[in-house]
2 protein chains.
Amino acid sequence: MIKIRDLEYLDAIDIHRHFGRAAEACFVSQPTLSGQIMKLEEQLGLVLVERQTRKVMLTPAGERLVAEARNVLRAAQSFEASAKALLDPFSGDLHIGLIPTLAPYLLPHIMKDLNEKLPKINFYLHEDKTKNLLKSLDEGKLDLLILPWLDEMDKFDRYDLFEEPLVLATSNEHPLSAKKTVNLDQLTNYEILTLEDGHCLRDQALGFCFTAGAKEDHRFQATSLETLRYMVSSNMGITLLPQLATLNQTATNTINYIPFTDPKPNRQISLMLRTGYSRMECIRAVVSCVKGSMKGVI
Amino acid sequence: MIKIRDLEYLDAIDIHRHFGRAAEACFVSQPTLSGQIMKLEEQLGLVLVERQTRKVMLTPAGERLVAEARNVLRAAQSFEASAKALLDPFSGDLHIGLIPTLAPYLLPHIMKDLNEKLPKINFYLHEDKTKNLLKSLDEGKLDLLILPWLDEMDKFDRYDLFEEPLVLATSNEHPLSAKKTVNLDQLTNYEILTLEDGHCLRDQALGFCFTAGAKEDHRFQATSLETLRYMVSSNMGITLLPQLATLNQTATNTINYIPFTDPKPNRQISLMLRTGYSRMECIRAVVSCVKGSMKGVI
DNA sequence: ATTTGTAAATAGCTAAAACCTATCACATAA
DNA sequence: TTATGTGATAGGTTTTAGCTATTTACAAAT
């Protein structure tokens, strides 16, 4: 394979039409440049330079190839320029994976700060279910995940962001609706509305409910938190909702959100990385930024 | 400056996601490839590869740079492909310089054969006056000239193609028009129509005429051979025309072309090259092709 | 014709680096 | 725990890009 340095020599010969000055421009001695050009010619089996005693010029073949050479040099310079740009750890693209029961309620709280603190980072947001996110993270399609931590994720690095309590959602007509707080034990014998299969929130909420002696309402399954909320307000039942999904609700006073007393059901929202991920400076900035944004919110 | 080989290693790592197999694909040992990748990373100050025990993948920076690297590799491959194509001595471009008093009358005789014998050569034809052609040849803008040879061209290499006689052109009414042949001496005291300054034919024709005792007709100067011919047919005078310009004339029986007896005035049409020009195989083919085409014509 | 000056090629050497084999360290799987 | 797969490390060899000094070639000037 040809060498980039040789192409620089060829370029310099064409520019200066003089071995000595071309060598000077390349910061090498004249014999070095002469020798390398000769080697290149030998390697290609072509005469590239027409040597006359007081004049040097490229042969037609050399003329043609110096144009090709300049394409290579341009591409190489572009490579180096990109590398230089990437040296700034706080620039580039960041693909973030989030789950549907978190993303729409979390992002409004954090994206403004992230964009301000890391203006040279392009954030790409990917919403999917936990299982798919973990696969994408593993395959390198995503750089990081923000989701409720589960035991099965221990092969990845974990940075805790905050704990999100789950609260009880009831309609105004429900027996529990008048309470200021509620204890998990009080759910005994109630049936709980749930999300459809595949949402990790479903599994977590059911976990808490089973412990408390409550059962799943098998008649309905919601496809999203918003459907679930609509079902609650329609008096179809009660459910557990993550607290972030209960904030900034525009005039939905048909629903009561009742916090739990200890032991509070909650989920640990964490940032997950492949172990050995290279851009830790950037990640640390993201972690501290998100923590800062969520302080006071939850 | 980066090295192309290193970019190939990076490319291979991305393709195989495995140091051993990438090394195999590059025909080097695994430690060699590992080492070179590490050096590249050190040189750029970037981690390009995420090394996990059983899995290798590129970091976001590596992902970005491997795309750049492939641009470089593509350009380099294009360079080598071009070089290979240029290895065929009978391919490529050939810029030919010709003078206006020869080109339009010579080309119809030679171009068909040239294109057939050298189908992979692209011929570019440049018509200009001798002085400019010599400058362009010297500067490398032209590969070869086809023109009447003159003493002052001895710094270039010369390949004789054919001798072109000059003939006397008269109108039907001119005293000399009845003759089958004419001798230069018979031009004594006639005035000769000439081309404008700068055409080498003008100088050559005048040379013959002065020797013969004829003078220039200063009242008119033609800008081209065709104007000159028109002036002759209009009975404005007589002139010397190169023989090629008298062939294949469509029904111009108002002009007589009279050959000279010995010593015949003529011009030596030669192919001129810079000494040291590299594509001699191609040139020899051109010379023999042109000679062949002109055999019998002149 | 001889001298002079310029520029490229050649000779001979040095140092860098690309590459090799052999081995180590470590994580995963059996 | 052991076996296996995989990348990193160690140490040595060969290649080559680079240097300085010199020679060769030729054009221009004397």
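Throughout, a chain's letter reflects where its sequence line sits, starting with A, and its residues are numbered from 1. Values below: every heavy atom of this structure, side chains too, minus hydrogens, waters and symmetry copies. These numbers were taken from a predicted model, which means no experiment stands behind them.
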Nearest whole Å is fine: how far is C:dA18 P from B:Leu33 CG? 13 Å
Working note: A:Asp14 + A:Met57, criterion side chain to side chain contact (heavy atoms under 4.5 Å, CB included); need CA distance, chi angles, decisive distance, verdict. CA-CA 7 Å; A:Asp14 185 48; A:Met57 67 173 66; over 6 Å; no
Report which part of the nucleic acid A:Ser34 touches: base, sugar-phosphate, or nothing (heavy-atom distance under 4.0 Å, all strands). sugar-phosphate
Calculate the interatomic distance between A:Glu50 atom CD and C:dA7 atom C1'; express it in whole Å. 16 Å
Contact boundaries of DNA chain D with chain B (under 4.0 Å, heavy atoms), 5' to 3'? D:dT4 to D:dT9
In whole angstrom, what separates A:Gln30's CD from C:dA9's P? 7 Å
Using only side-chain N and O atoms of B:Lys3, determine if any of them is under 4.0 Å from OP1 or OP2 of C:dA17. no
Whole-Å distance between C:dA27 P and A:Arg274 CZ? 18 Å
Name the nucleic acid region contacted by B:Lys155, choosing base, sugar-phosphate or nothing; use a 4.0 angstrom heavy-atom cut-off, strictly under. nothing
Result for 5'-nearest mapping on DNA chain D, choosing between A:Thr32 and B:Arg17, is B:Arg17
Check whether the side chains of B:Glu164 and B:Asn266 place a donor and an acceptor atom closer than 3.5 Å, and report yes or no. no
Nearest-Å distance, CD (B:Gln43) to P (C:dA17)? 10 Å
Nearest to the A:Arg51 side chain among C:dC19, C:dA8, C:dA22, which nucleotide is it? C:dA8
Name the one of A:Leu73, A:Leu65, A:Val66 that satisfies side chain to side chain contact (heavy atoms under 4.5 Å, CB included) with A:Leu7? A:Leu73
Rounded to whole Å, the NZ-C1' distance (A:Lys55 to C:dT6) equals 16 Å
Determine the sole option in B:Leu166, B:Thr130, B:Ile99 for which the side chain to side chain contact (heavy atoms under 4.5 Å, CB included) test with B:Leu201 is passed. B:Leu166
Rounded off to whole Å, could you give me the CZ-to-C1' distance for the B:Phe27 and C:dC20 pair? 17 Å
Side chain to side chain contact (heavy atoms under 4.5 Å, CB included), that's the test. Do B:Gln43 and B:Ile2 meet it? Break it down for me. CA-CA 9 Å; B:Gln43 183 184 342; B:Ile2 47 162; 4.1 Å; yes
Rounded to whole angstroms, how far apart are NE2 on A:His18 and P on C:dG5? 17 Å
Compare the minimum distances between each of C:dA7, C:dA18, C:dC20 and the side chain of B:Gln36, then state the nucleotide with the smallest one. C:dA18
Ionic contact status for A:Glu281 with A:Arg284, cut-off 4.0 Å: no
Please verify the inter-ring angle class for B:Tyr124 with B:His95; under 30° counts as parallel, over 60° as perpendicular, anything in between as tilted. parallel
